[in-house]
Undergrad: 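Okay, handing you the structure first.
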Amino acid sequence: MLAIEVELLSGRYAAAAFNDRDRVEWPPHPARLFSALVATWAEHEPSAPGGVEELEVLNRLSELPPPELLVSDGHLAGQRTVTRVFVPVNDESTVSPPNRSALDAAEAEALRATDEKSASRAAQKARSLRKRYQEACLKALAAPTSVGKGDVPLAPRVVFPERRKRQPRTFPVATPEVPRFAFVWRDVEQTRLSIPTLDRLLARLVRLGHSSSHVRARSCDAADLDDLQRRTIRLVPDEESGTIVLRWVAPGQVARLVEAHQRHREVEPRVLPARFVRYARFGTRQAASAIAGFFDPDLVVFSRIGGVRLPITAVAAVARQFRRAMMSSADEPIDPIISGHAADGSPFTAGHLAVVPLSFVGHRHADGTVMGVALVFPQAVSQESRRVVLRAIGRLERAAAASNDPLTSTVRLAMGDAGVLELERVAWGESDRMTLRPATWCGPSTRWVTATPIALDRNPGNLHDADEHRRRAAFEAAEASVRESLRLVLAPDAPDPDEVQVLRSAALTGTTKPQRYPHYPMEPGRTQRVLVHARVRFSTPVRGPLLVGAGRYQGLGLMLPVDGGPMSSPEGEP
Amino acid sequence: MTELSYASLRVLVTTDGVAIRVRQRLQPAGGAGDKVFPPTYGTGDRTLKYAVESRRIEGRDVPCVLLDSVASQANRIEEALLDAWEQRVLDFPVIGVDFGKEEQLQDVGVVTTLQAPHRIADAILRDSVDADDQSFRETALGKAYTNATSRNATAVFQLCPTALIFGVWDSTGAKGGMGAKFQRALTSEIVALGASAGKKVSSRIDPLGIQANVPVYHRAEDHSDWTIDASEAEVDKKGKPLPFNRSGGEGKGKASSVNHSNIAPSIDEFAGGVTFDYAVQTVVLSLAALRGLRFVTDLDGVVLTEPTRAQDAARSALAALAIAGIVHQRARGYDLRSRCLLVPDGPLVLEVVRADGRVDEATLTTQEANALVAEAATDAAGAGLAWTREPIRLRPAAKLADLLRRSRELAAGGDEDEAA
């Protein structure tokens with residue numbers, strides 16, 4: 001086993017998330033340690049024999065798989081309110097030094113000259129340029145003969161520090177419960193790289209992140225990690241269901257960083273090359289420990305590739321149009337899996353295909369736009385029913401191809417006055433859009449928040465009642481209704497959620513309050529359902545997708561897992 | 001607990017000492033539980049204006065508030081070093097820009113590298129000249145500084161060693177963004193633990209009993225002056241008297257716009273101070289950072305005869321100076337801002353952290369810290385890297401002085417908002 005232990009000497013870790021300067025990066029990304037080590041190597045005689053040995057170690061390190069982390073839980077990492085601090089500038093001067101590049105060039109030429117004649121000519125030129133430069137300097141330093149309006153206020157700003165103009169800078173900081181963490185490669189033999197050389201390099205590591213995050217780093221073995229293992233959590237790479245995204249490196253990273261350095265020279269703002277790896281808390285990846293839901297996490301996803309941009313309130317309408325399109329291209333008689341109705345017209349209670357439009361929510365810049373559509377099957381669906389659905393989709397795609405370019409298989413949904421929504425199936429691997437990746441909606445997670453509101457099976461009363469008692473009773477009834485709806489979509493032996501909070505307004509960025517949604521169901525003559533948002537917390541992780549309430553087959557009641565990861569939700573108001 | 005001697009410090013700096021750390025508990029001068037006022041930040045409307053965080057300590061979530069930031073602490077330690085330097089209890093290189101001989105500007109005094117926000121790279125030094133009227137950066141010493149790097153930091157060590165302790169980036173010098181960058185070796189921060197926000201009140205009773213609704217106008221002869229006599233008032237386009245108003249001031253046309261009359265009491269809950277269980281000042285001096293500095297040539301560019309000895313001595317001298325800064329800052333006291341005076345709750349303990357995580361403790365009085373610096377400086381001098389108290393004397397360039405004078409004239413005339 002190979003392990004690197006890092007101690008935060010002042011207890012603080014000051015590093016901004018690579019994609020959001022206002023957020024602290026916690027847990028520390030392994031790629032950041034690697035970059036810091038490369039910088040440490042480069043600053044200290046990289047071409048000397050010792051430096052060459054260190055380069056070898058770095059290259060070997062970059063070939064290792066992503067490490068595990070032993071680190072304080074993110075929720076307990078004491079993240080400081082990110083404050084904007086104003087730092088005095090240094091680029092205002094009353095004296096503008098004259099340009100000396102011509103003089104420098106002439107002096108360099110004089111030194112380079114090979115014969116006496118050109119040497120004396122170059123020296124002559126340098127002398128006259130120097131004379132002119134010195135005169136220009138004196139002029140720049142002397143009291144001005146004419147003064148521009150902007151020049152005068154400059155002087156007190158230069159002289160008095162408290163008058164200096166200031167630039168805002170943000171300093172996000174985390175103070176973890178345990179001011180130590182470790183990167184661990186459990187299955188790597190220590191002999192893969194030279195430990196003494198690695199230790200030499202680690203001993204020179206001064207900081208990780210901002211210059212005020214001083215650290216102590218060294219390699220260690222299993223015995224040293226005992227204390228850390230007891231007091232921190234273990235994060236392991238988990239491509240399938242991991243929700244925490246950290247950066248590691250790929251072989252050849254040293255060369256990449258060196259090349260990038262030539263370009264940015266530590267002056268330009270920069271995001272360094274990295275490989276994104278999904279991590280999960282050890283133990284949560286085991287499917288057995290996560291509670292299964294009613295719906296299968298293997299989604300069929302369609303991505304919006306063009307046409308109208310629809311807001312999140314349009315999800316039920318989009319779902320309806322998509323289902324209609326499928327029914328029009330499905331085999332007759334239409335299988336209940338698609339229509340939701342049995343042969344005699346009664347609702348099909350064994351569960352059918354849910355058509356779930358996926359919207360951009362939960363992220364700082366989320367705007368709720370419908371980014372695509374997911375087809376979600378009940379877990380218990382038979383292979384034959386799946387085939388029925390896939391055949392219908394295939395026919396839909398072929399129909400589209402026939403009328404347009406035969407190579408594309410765009411599904412075009414007519415959305416009335418709004419226009420046409422163009423969708424294409426994500427057939428190979430996963431979409432690169434977070435919103436369209438199954439893992440984003442499946443967790444597993446202990447905490448879930450509604451992206452689209454839940455349509456309650458029963459009317460709970462008036463949630464906006466002016467009378468406090470009636471209002472509270474309505475909330476309690478709504479909460480009970482949500483709990484019942486959850487029981488319908490979880491395994492029969494699943495424990496009840498620890499906490500269910502019903503909200504009248506939105507709880508995630510990009511979502512919107514239930515009142516903004518059109519009536520559900522939209523068909524006239526049907527009883528309108530009350531829509532509410534909700535936050536739910538379970539004691540054990542639940543695997544999604546979690547579709548809840550009366551509108552769950554039509555994209556309403558879609559919940560987002562929010563444990564850890566980059567899409568954790570800000571607080572909403574009840 | 002042992003005294004930190006120069007010999008032991010040198011061993012730490014040259015071998016396996018990673019850092020020297022201080023974790024000092026502090027309480028308000030008014031006693032535990034008294035309210036203090038942290039620094040405020042622009043966090044938005046109707047939210048607490050302090051930098052708060054929640055820390056997990058022994059299994060509990062403890063609310064905390066920042067009492068003094070890293071940058072602010074650095075400034076205070078520099079101020080403490082300046083005091084000690086001016087009193088001559090510490091001798092190390094400080095460069096100052098002396099306004100003492102400039103007409104009308106003598107009161108500005110000397111602005112030193114310990115006060116300039118960007119230390120030796122600061123704009124004020126760029127706008128200064130030596131005794132021969134040569135701009136600082138054009139002098140031999142100035143050029144030596146411009147060309148200094150962490151691989152050959154001699155010039156910074158001999159001109160402004162505090163820049164190597166607190167960090168400096170010559171981003172606006174001749175080399176632009178490629179100018180020398182030295183990371184800080186010392187960080188300090190003060191945080192209050194177990195903090196609870198309070199409320200403060202403000203009000204004013206006018207001792208003259210002037211009523212709020214007395215109308216006040218601009219005077220016709222002098223816009224910046226006021227009058228209550230409508231016949232003396234400046235008039236607007238319609239011929240009505242113009243209500244007095246200072247830009248950015250409140251109470252247009254009322255007595256409060258000229259700082260008279262009462263101000264109704266108000267309660268401020270967003271910047272109303274905090275009480276807390278205890279505060280902690282965490283100081284870290286990274287010896288590893290000092291070991292990243294190398295010294296190859298002397299100030300004239302001549303290769304040092306004993307580079308290893310010079311390098312060990314220079315790094316130790318910087319460590320000694322940094323420790324002296326910590327000790328002097330503690331002696332000076334923790335008067336952080338109005339209504340924020342703290343006192344240490346225990347003696348000074350220097351934690352010596354080694355590469356394997358082992359921590360030893362040591363202590364130091366102010367006199368011992370001063371002696372440490374003196375001994376270190378002697379050692380460095382013996383190796384060819386001597387410290388001169390004032391390596392160069394600078395004055396403001398005529399242009400800077402002239403513009404400052406003009407700025408003051410304008411302010412006195414009331415045309416400028418900024419007074420110098």
Side-chain angles (χ1 to χ4, degrees), chain A residues 5 7 9-12 40 43-44 72 76-81 83-85 87-88 90-95 97 100 137-138 140-144 147 151-161 163-164 171 173 175-177 199 203-207 211-212 214 216 218 265-268, chain B residues 18-19 21 41-43 51-56 64 66 69-71 108 111 115-118 121-124 126-127 129 133 135 137-138 150 167 171-172 177-178 181 183-184 187 189 282 284 286 288-289 291-292 353 355-357 397-404 406-407 410 416 418 420:
Chain A
E5 174 196 58
E7 178 188 344
L9 290 170
S10 57
R12 72 213 290 283
T40 306
E43 278 161 16
H44 184 79
S72 277
L76 309 174
Q79 291 168 29
R80 184 171 297 174
T81 49
T83 50
R84 294 177 102 212
V85 174
V87 179
N90 199 26
D91 53 5
E92 291 194 307
S93 274
T94 53
V95 175
R100 59 173 296 153
C137 277
L138 284 174
L141 295 166
V147 172
D151 292 342
V152 173
L154 216 45
R157 288 210 294 270
V158 170
V159 174
F160 301 105
R163 317 300 307 272
R164 241 356 118 89
F171 293 99
V173 169
T175 25
E177 181 177 15
D199 270 332
R204 294 208 308 274
L205 186 63
V206 175
R207 62 179 169 101
S211 63
S212 60
H214 289 309
R216 173 185 67 81
R218 61 162 188 159
R265 295 300 204 149
E266 292 181 56
V267 176
E268 304 298 316
Chain B
V18 169
R21 175 171 59 197
Y41 297 90
T43 48
V52 300
E53 70 191 13
S54 175
R55 290 194 184 185
R56 190 133 185 110
C64 305
L66 179 69
S69 66
V70 167
V108 177
V111 180
Q115 296 150 305
H118 292 258
D122 199 85
I124 191 175
R126 285 207 305 277
D127 286 3
V129 296
D133 271 328
S135 107
R137 288 299 187 108
E138 287 292 322
S150 57
S171 60
T172 47
M178 313 272 285
K181 205 174 188 186
Q183 67 183 326
R184 68 185 78 198
T187 54
E189 192 184 51
T282 308
V284 174
S286 170
R291 281 196 291 271
V353 183
D356 57 6
K399 184 165 182 189
L400 176 61
D402 185 67
L403 287 175
L404 192 58
R406 286 181 196 237
S407 164
L410 282 173
E416 283 292 312
E418 306 174 19

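First the proteins, then the strands, lettered A, B, ... as listed; each starts at 1. All values derive from a computational prediction rather than experimental measurement.
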Undergrad: Which residues pass the side chain to side chain donor-acceptor pair (under 3.5 Å) test with Arg406(B), sequence neighbours left out?
TA: Asp402(B)

Undergrad: With a 4.5 angstrom heavy-atom cut-off, could you sort out which part of Glu5(A) is near chain B: side chain, backbone, both or neither?
TA: neither

Undergrad: Where on Ala355(B) is there a heavy atom nearer than 4.5 Å to chain A: the side chain, the backbone, both, or neither?
TA: backbone

Undergrad: Do the non-hydrogen side-chain atoms of Phe160(A) and Val111(B) ever get within less than 4.5 Å of each other?
TA: no

Undergrad: Do Arg218(A) and Asp356(B) make a side-chain contact, defined as non-hydrogen atoms from C-beta onward lying under 4.5 Å apart?
TA: yes

Undergrad: Per the side-chain contact (heavy atoms from CB on, under 4.5 Å) rule, which among Leu404(B), Leu400(B), Leu403(B) passes with Val158(A)?
TA: Leu400(B)

Undergrad: Checking His214(A) against chain B: side chain, backbone, both or neither under 4.5 Å from a heavy atom?
TA: side chain

Undergrad: Let's go through Asn90(A) and Arg126(B) carefully: what are the C-alpha distance in whole Å and the side-chain angles of both, what is the deciding distance for side-chain contact (heavy atoms from CB on, under 4.5 Å) to 0.1 Å, and is it a yes or a no?
TA: CA-CA 10 Å; Asn90(A) 199 26; Arg126(B) 285 207 305 277; 3.8 Å; yes

Undergrad: Please name the pair of heavy atoms, one in Lys399(B) and one in Ala140(A), separated by the smallest distance, quoted to 0.1 Å.
TA: CD-O, 3.4 Å

Undergrad: Taking all heavy atoms of Ser93(A) and all of Ala123(B), pick out the closest pair and write down the distance.
TA: OG-CB, 3.9 Å

Undergrad: At what distance, to the nearest 0.5 angstrom, does CD of Glu138(B) lie from SG of Cys137(A)?
TA: 5.0 Å

Undergrad: So if I apply the side-chain contact (heavy atoms from CB on, under 4.5 Å) rule between Arg12(A) and each of Thr187(B), Val70(B), Val284(B), Thr282(B), which one comes out positive?
TA: Val70(B)

Undergrad: Can you say whether Arg21(B) sits under 4.5 Å from chain A via the side chain, the backbone, both, or neither, judging by heavy atoms?
TA: side chain

